[in-house]
Amino acid sequence: MLRLTFLYVILAAIHVQAVSDDWWKDAIIYQIYPRSFKDSNGDGIGDLEGITSKLQHVKDIGANAIWLSPIYTSPQQDFGYDIANFTDVDPDYGSLLDFDRLVSKAKSLGLKVILDFVPNHSSDQHPWFKKSIQRIEPYEDFYIWQDAKIVNGVRQPPNNWLSAFSGSAWEWNDERGQYYFHQFAIGQPDLNYRNKNVCKAMSNVLTFWMDKGVDGYRIDAINHMFEDERLLDEPRNDNNVPDDDYDSLDHIYTTDQNETYQVLKSWRKLLDDYVNIHQTDAKFIVTEAYVDRKLTLHYFEAGSNPFNFMFISSLNEASSAVNFKREIDNWMENLPNGKVSNWVTGNHDQHRLASRYGSKKSDMVIMLAMVLPGISVVYNGDEIGMVNKHLSWEETVDISGCNAGPERYFLKSRDPERTPFQWDNTTSAGFSTSQVTWLPVHENYKILNLAAQKIAPVSSYKFFKALTTLKRNNPVLRKGSVDVSLINKNVLGVIRRLRASSPVALMMNMAETEVVVDANSLLKIPREMTVYTSNVESNIDVGTFVDTKRLRLPASTSVVLIVSEFYRYTLS
Ligand code: NOJ
């Protein structure tokens, strides 16, 4: 008996060891926008089978997790963020069986699978909403319904709240005789989280996909989940945008309400309980909220890893080394004890990294995202430097662009960053066998494509891969300390150190002119180092030996330096 207990303890220990609770801490998360990644059936729309067929690429570039933008049943008004069934796959993308195959292929490649979880709203085509209109229990209060305000005998929305996609956030429903609230499109009614049945139903959704092997969630628009019950008008912002533009109001009553964090905590617990019961690897939660540092802390405390959007919201092509240092320090100093940072370089809602920063500076951002400690989050296509495609008003399909009208669509449309992935120079860039794709392929695909970059001696792809290889394999990048130092107003150094190991130094010259700096004395790095990688247009050879006492950095050039006996011997 005693022996059996002993054996059990040993077996349990072996089992526990096999479970990873920290796989996400230095993960490279690769966001896949399913509609645009790879079309397997020639209908011009990406799908799950297409994704599965390209998972080897994700593995090759050194990512260890994929985040899939929504794949669920949807009328596609907001391309999947309007969900008509939270527990099924949209026929455009395949079936649940295809999803199972995708997960099993991902697991076989050692890739974690993170799904988009969209709690704020469903589609107006969801059966819950249809029943809510008819006041069928328990769905009557599943959504936010309000009576009209009658002014001079005329029906009006309850207040001035606006939709993120322009216009009133209230839509009249004749059948129910009330307005419903939608923070996003008219076809995306907001769920009512003050109703316990909604909380339960959405928790079940999380469990459903965990049972299918999902390793975590990216939680969509989380700071929009609650609204102040007093329904007060929101104050006008002091800006020149039109009255129906979301940015015209200060959203003090419709975003960042305190109850949000309680719900998030309950989801954290649900996932942790699942891990304990089923003895799985940790389940990761990353939250999407474009908020300030103070509010970000609430999301950490509630058990998620809030997206760090500094490379999107606070910095751009015009930012100086001083700006970069200030933002990075501010983030790191405010990181709660024991929490892990993340670095988002782009996503499907923002213009392409290379278009926001230009080719040279976008490489710098990727270098920072890989060299700084924590999680790197990359949007598909950025690993080959894809750029925005200009689309006419007639070609525009994104609801945010469409609602803004022909004069302003280009300010709001997210289509430019969502065009199909450029795999090669064949029909539709190898994305689809169809000449017609849901969004047109960028005309530069004949030159800018993965296949070409794989054979080119120097390319965005090779540069990206070099960085992920370093991040994955060098313990200094995984566990070392970090120092971010300004050498002068244009030159930034990021030094990672780990006890006796040789440091890794990222040196960035953001000036339009060449500089020579004494990084050896100023940053206390070894005098003899070699170039591990440099930005694609730098013309600096990998393995070049440098004297950091007189480190020459050409205009807009950045280099990652390591100490490498190997390079020293092969170069001498
Ligand atoms: C944020 C998503 O990233 C975006 O694409 C979507 O339109 C809104 N949330 C609404 O779900």
Side-chain angles (χ1 to χ4, degrees), residues 68-88 90 115-133 138-146 157-159 161-173 176 178-206 208-209 217-229 231 234 246 251 253-257 259-260 263-264 267 287-291 347-349 398-400 402-403 412 414:
L68 298 180
S69 281
I71 55 169
Y72 320 107
T73 317
S74 165
Q76 309 292 347
Q77 275 198 22
D78 187 18
F79 296 114
Y81 285 93
D82 48 325
I83 298 168
N85 184 347
F86 288 96
T87 53
D88 205 350
D90 192 272
L115 284 190
D116 223 307
F117 177 57
V118 186
N120 179 67
H121 43 265
S122 72
S123 156
D124 60 356
Q125 299 307 305
H126 198 296
W128 298 343
F129 188 67
K130 293 184 174 167
K131 290 180 188 156
S132 195
I133 294 176
Y139 303 102
E140 178 166 2
D141 294 328
F142 251 50
Y143 296 85
I144 319 268
W145 293 99
Q146 278 299 320
N159 58 28
W161 293 354
L162 290 171
S163 146
F165 296 152
S166 316
S168 174
W170 296 98
E171 181 69 9
W172 179 253
N173 182 270
R176 175 150 164 162
Q178 281 189 309
Y179 280 97
Y180 69 86
F181 179 67
H182 59 93
Q183 296 243 17
F184 295 91
I186 291 173
Q188 290 170 302
D190 271 43
L191 286 158
N192 173 18
Y193 279 88
R194 294 197 176 97
N195 178 333
K196 292 288 158 258
N197 289 324
V198 170
C199 297
K200 181 83 201 108
M202 293 306 279
S203 295
N204 290 344
V205 171
L206 292 170
F208 176 88
W209 293 103
Y217 292 100
R218 174 265 190 190
I219 304 187
D220 181 74
I222 191 162
N223 59 326
H224 293 264
M225 279 178 57
F226 283 90
E227 297 75 35
D228 191 307
E229 287 182 290
L231 299 180
E234 288 187 327
Y246 188 67
H251 303 288
Y253 299 130
T254 53
T255 57
D256 309 314
Q257 306 296 300
E259 291 124 301
T260 314
V263 178
L264 178 55
W267 290 336
T287 40
E288 185 221 22
Y290 288 83
V291 295
N347 63 41
H348 65 295
D349 293 329
D398 173 28
I399 188 145
S400 181
C402 294
N403 285 0
K412 301 282 178 180
R414 298 164 296 177

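Sequential numbering from 1 along the given sequence is applied to the chain's residues.
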Going from OH on Tyr72 to CH2 on Trp209, what distance comes out if it is rounded to the nearest 0.5 angstrom? 6.0 Å
Salt bridge or not between Asp78 and Arg414? Use side-chain N to carboxylate O under 4.0 Å. yes
Check whether Asn159 reaches the backbone of Leu231 with its side chain - one donor and one acceptor, N or O, closer than 3.5 Å. yes
Min side-chain heavy-atom separation Tyr143-Phe129 under 4.5 Å: yes
Validation row: Thr254, Glu234 side chains within 4.5 angstrom (heavy atoms): yes
For Gln188 and Asp124, which I'm curious about, is there any donor-acceptor pair between the side chains at under 3.5 Å? no
Ser74 and side-chain hydrogen bond (donor to acceptor under 3.5 Å, both in side chains): which single residue from Asp90, Asp88, Asp82, Asn85 fits? Asp82
Aromatic ring proximity Trp161/Phe181, centre distance under 6.0 Å: yes
Return yes if some donor-acceptor pair links the side-chain N/O of Tyr139 with the main-chain N/O of Pro127 below 3.5 Å, else return no. no
Donor + acceptor pair across side chains of Thr287, Tyr217 (<3.5 Å): no
Are Trp145 and Ser132 side-chain neighbours, meaning at least one heavy-atom pair lies under 4.5 Å? yes
Charged N to carboxylate O under 4.0 angstrom, Glu140 versus Lys131? no
Ring geometry between His126 and Trp128 (parallel below 30°, tilted from 30 to 60°, perpendicular above 60°): tilted
Taking the side chain as C-beta and beyond, is there a heavy-atom pair between Asn120 and Leu191 under 4.5 Å? no
CZ of Phe165 to CZ of Phe184, rounded to nearest 0.5 Å, is 6.0 Å
Hey, does Tyr193 have a side-chain heavy atom less than 4.5 Å from the side chain of Pro119? yes
Is there a side-chain contact between Ser163 and Tyr246, using heavy atoms and a 4.5 Å cut-off? no
State the CD1-CG distance between Ile71 and Asp116, to the nearest 0.5 angstrom. 10.0 Å
